[in-house]
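First comes the structure, then the notes that go with it.
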Amino acid sequence: MTMDISNSAIGSRIREIRKIKGLTLEQLAECAEISANFLWEIEQGRKGMKVQNLAKLAAALDVSADYLLFGIRENAADGKLNIMMSVLPDELKDNFEKMAELFIDTVRCCRAKETNEENSTEKE
C-alpha cells in the first residue's frame, strides 16, 4: 500500500475534513491563522506548506497531522470504518464514502432543524 503525500492528496484531505466539519474556507483559515487564499491554494494542491501551518490546520480541524499527511486516522471509530472499507471491493469503496457523507449531511441537517425549532420555541 503506497501512501499519497502529494500536495494534491494533502489538500484533498484538508478540504474533505473541512467540509465534513461544516466549515467554510474562510472559517478554517481564520482558525489556522493563515490567509483564505493560501488555504485555497493548499486545498487545490497548488502549494505545499511548512510544518507549522500543517500543525495549525490539524489543530483547527481536530485531526492528527498523520491524517493530513498520510490519510491515517488514530480514532478507534475511524479504525473500524477503515476496516469495514478494507473488505469492500474497490468499485464499492466510493459508494461507501458517498453513503457516509450523505448520512453526515442528513444528521447535520436534522440537528440544525432541531436547533432552529428549539430557538423558535424559546422565543414564544
inquiry  = Run the side-chain contact (heavy atoms from CB on, under 4.5 Å) test on Ile17 and Leu23 for me, step by step, so that the C-alpha distance in whole Å, both residues' side-chain angles and the decisive distance to 0.1 Å come before the verdict.
reply    = CA-CA 9 Å; Ile17 295 297; Leu23 296 170; over 6 Å; no

I want to check something: taking the side chain as every heavy atom from C-beta on, are [X] and [Y] in contact at a cut-off of under 4.5 Å?
X: Thr106; Y: Cys109; result: no
X: Leu39; Y: Ile14; result: yes
X: Lys21; Y: Asp62; result: yes

If you measure from [atom1] on [X] to [atom2] on [Y], what distance do you get to the nearest 0.5 Å?
X: Met99; Y: Leu102; atom1: CE; atom2: CG; answer: 8.5 Å
X: Ile10; Y: Ile5; atom1: CD1; atom2: CD1; answer: 6.5 Å
X: Cys110; Y: Glu114; atom1: SG; atom2: CD; answer: 6.5 Å

inquiry  = Would Ile34 and Leu57 count as a side-chain contact (heavy atoms from CB on, under 4.5 Å) here? Give the steps.
reply    = CA-CA 9 Å; Ile34 61 175; Leu57 284 165; 4.1 Å; yes

Compare every heavy atom of [Y] with every heavy atom of [X], then report the nearest pair and how far apart it is.
X: Ala65; Y: Ala58; result: N-CB, 3.9 Å
X: Glu16; Y: Tyr67; result: OE1-OH, 2.8 Å
X: Leu25; Y: Ala36; result: CD2-O, 3.0 Å

query = Asn53 and Phe38: side-chain contact (heavy atoms from CB on, under 4.5 Å), yes or no, with the steps?
reply = CA-CA 10 Å; Asn53 289 329; Phe38 181 53; 3.7 Å; yes

query = Within the distance-only criterion (no hydrogens, no angle test), does the side chain of Gln27 pair as donor or acceptor with the backbone N or O of Thr24 below 3.5 angstrom?
reply =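 Yes: the side chain of Gln27 pairs with the backbone of Thr24.
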
Enumerate, atom names and distances included, each donor-acceptor pair closer than 3.5 Å involving a side-chain atom of residues 40-52, sequence neighbours excluded.
from  : atom 1 : to    : atom 2 : distance (Å)
Glu41 : OE1    : Lys47 : NZ     : 3.4
Glu43 : OE1    : Arg18 : NH2    : 2.9
Glu43 : OE2    : Arg18 : NE     : 2.6

ask   = More than 12 foreign heavy atoms under 6.0 Å from NZ of Lys19: is that the case here?
value =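 No, the 6.0 Å shell around NZ holds no more than 12 heavy atoms from other groups.
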
